[in-house]
Amino acid sequence: MSRFAALFLLGAVAFAGLPARAATVLAGAVEQGSLVVVRTAPGAKAALDGENLPASPDGVFAIGFDRDHGPTSKLVVTLPDGRVETKTLAVAPRAWQIQRIEKIAPALVNPPPEALARIRREVAMKAAARPNDTPQEWFAGHFIWPAKGVISGVFGSQRFYNGEPKNPHYGVDVAAPVGAAIVAPAAGIVRLAEPDMYFEGGLVFIDHGQGVISIMMHMSRIDVKAGQRVAQGDPIGAVGQTGRATGPHLHWAMVWREAHIDPSLLVPGVSAAGAVSGAAVGGD
Ligand SMILES: [Zn+2]
């Protein structure tokens, strides 16, 4: 459209005296596994599917949609002047791969009884490191890939370990050599930095604000500490094969509150090679 035509249209809209446009704008596609940034009036309140979200003085909210989210979602924004905007969002469904991982040590698929106390302790540790109310909006900028490599496992695939159906794969796997650099995909605060977790091996949580948390697994080295502030691109450690992993790779997961988010939707496509079979180059 020519600049003249655009100006003409703007003029026409102003002339027609249309009501002010909605105060709330969503950035990003609403689909299973997606994280969407909501921008509305400063001081507004928001609720998604009946759950109140923490206040954002700037009117910027993160909302996310789990892998298994149903077909619709309801966003209610209460503006500072009392007006209420209600949006019924269509959550686009996605198709998921089937992935079979063989030759995993049986003790890691079905942990032995003597490991249960340790696993319970680690579950509690992880839950405590996932605050929902960090006020910063680091999630609202763009993300970068935390490691360079081939994608060896995609988000959402239904996993079978040694033929046994297990939880879906809630992350994206980037195959890379042990020792390859891992950087922060966006700014945040490190909430967890543990070198030896039962399932995850070397594990780091980065809190990007409002319950948006990056989870980095199987690391061979961790160069950050809990409580540390990181900027986008800061080194946080190195790729490894620790915990339940079939080869050296980074497992990058993301959550928004309880929802599992697909990190690959937030970053530009990975260089050339594309997705390959999981077990061949290391997964989980
Ligand atoms: Zn993985």
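Just so you know, ligand 1 is whichever comes first in the structure, and atom 1 is the first atom listed for that ligand. The analysis underlying the following values was restricted to heavy atoms, covering all of them including side chains, and did not include hydrogens, waters or symmetry mates. Since the structure is predicted, the reported quantities are computational estimates derived from the model, not experimental observations.
Aromatic ring centres of His208 and Phe143: separated by under 6.0 Å.
The N, O or S atom of His251 with the smallest distance to the Zn ion (ligand 1) is ND1. Distances from the Zn ion (ligand 1) to each N, O or S atom of Asp173 single out OD1 as the nearest.
The distance from the Zn ion (ligand 1) to the nearest N/O/S atom of His169 is under 2.8 Å.
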What pairs of donor and acceptor atoms, side-chain ones from residues 116-124 against any protein atom, are under 3.5 angstrom apart with sequence neighbours left out?
residue: Arg118; atom: NE; partner: Glu122; partner atom: OE2; Å: 2.9
residue: Arg118; atom: NH2; partner: Asp196; partner atom: O; Å: 3.0
residue: Glu122; atom: OE1; partner: Tyr198; partner atom: N; Å: 2.8
residue: Glu122; atom: OE2; partner: Tyr198; partner atom: N; Å: 3.4

Please report, to 0.1 Å, the donor-acceptor pairs under 3.5 Å made by any side chain of residues 32-41, with sequence neighbours excluded.
residue: Gln32; atom: OE1; partner: Arg94; partner atom: N; Å: 3.0
residue: Gln32; atom: NE2; partner: Arg67; partner atom: O; Å: 3.4
residue: Gln32; atom: NE2; partner: His69; partner atom: O; Å: 2.9
residue: Ser34; atom: OG; partner: Ala29; partner atom: O; Å: 3.1
residue: Ser34; atom: OG; partner: Glu31; partner atom: N; Å: 3.0
residue: Ser34; atom: OG; partner: Glu31; partner atom: O; Å: 2.8
residue: Thr40; atom: OG1; partner: Thr24; partner atom: OG1; Å: 2.9

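Nearest heavy atoms, Val60 versus Ala140: CG1-CB, 4.0 Å.
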